[in-house]
Colleague: 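Before anything else, here's the structure in question.
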Amino acid sequence: MEKIIITVVGKDTVGIIAKVSTYLADIGVNILDISQTIVSGFFNMIMIADRADSSVDFNTCQEALDKLGEEIGVQIKCQKEEIFDMMHRI
């Protein structure tokens, strides 16, 4: 398994989850867990996904999600699980 952590933050609009999920499905990334909240009109989501069977490399996925975020007006960050774990270690 090659887990990645995807975070999405921005003003809430229709279709954010659908657009991110559709892109991930198109490249063969499996969503393992998802949590999202909306607070005072601001959308916040975190996804744990497995990219072991993905048709694109990590950097391409990361760049495409960044571009998708710009298109839909949110900020999307994608990190490898091991980097995320190291950043959040006490």
Side-chain angles (χ1 to χ4, degrees):
M1 208 177 300
E2 294 179 41
K3 287 186 184 177
I4 55 174
I5 314 299
I6 300 166
T7 57
V8 182
V9 178
K11 195 156 175 70
D12 187 36
T13 58
V14 174
I16 296 171
I17 296 172
K19 289 173 184 167
V20 174
S21 298
T22 298
Y23 170 73
L24 295 173
D26 288 347
I27 64 167
V29 171
N30 183 35
I31 297 169
L32 303 172
D33 200 358
I34 182 173
S35 175
Q36 63 94 28
T37 58
I38 300 168
V39 178
S40 296
F42 290 96
F43 179 86
N44 187 26
M45 176 173 68
I46 185 167
M47 290 179 157
I48 311 299
D50 177 13
R51 62 167 306 282
D53 296 327
S54 180
S55 59
V56 301
D57 64 41
F58 175 77
N59 290 335
T60 301
C61 175
Q62 192 176 41
E63 290 169 6
L65 285 170
D66 190 46
K67 182 179 176 188
L68 176 62
E70 289 177 18
E71 291 171 7
I72 62 177
V74 296
Q75 184 180 48
I76 303 176
K77 295 295 177 197
C78 181
Q79 299 175 326
K80 292 182 179 181
E81 179 186 35
E82 57 268 18
I83 300 297
F84 189 85
D85 286 344
M86 293 300 282
M87 288 175 49
H88 295 90
R89 228 182 194 158
I90 296 178

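Just so it is clear, the structure is predicted and the values come from calculations on it, not from any experiment. Note that these values count all heavy atoms, side chains included, but never hydrogens, waters or copies made by symmetry.
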Colleague: Rounded to the nearest 0.5 Å, what's the gap from CG on Asp66 to CD on Glu71? Could you check?
Modeller: 10.5 Å

Colleague: Under 6.0 Å from the CG atom of Asp26, do we count more than 12 heavy atoms belonging to anything else shown?
Modeller: yes

Colleague: Which other residues end up in the same hydrophobic cluster as Ile38, if Ile, Leu, Val, Met, Phe, Trp and Tyr are linked when side-chain heavy atoms come under 4.5 Å apart?
Modeller: Ile4, Ile6, Val8, Ile16, Ile17, Val20, Tyr23, Leu24, Ile27, Val29, Ile31, Ile34, Phe43, Met45, Met47, Val56, Phe58, Leu65, Leu68, Ile72, Val74, Ile76

Colleague: Rounded to the nearest 0.5 Å, how far apart are CZ of Arg51 and CE of Met1?
Modeller: 13.5 Å

Colleague: Starting at CG of Asp50, measure out to CG of Asp33 and round the result to the nearest 0.5 Å.
Modeller: 13.0 Å

Colleague: Shortest non-hydrogen contact from Lys3 to Leu32?
Modeller: CE-CD1, 4.0 Å

Colleague: Check whether any side-chain N or O of Gln62 sits under 3.5 Å from a backbone N or O of Cys78 as a donor-acceptor pair, and report yes or no.
Modeller: yes

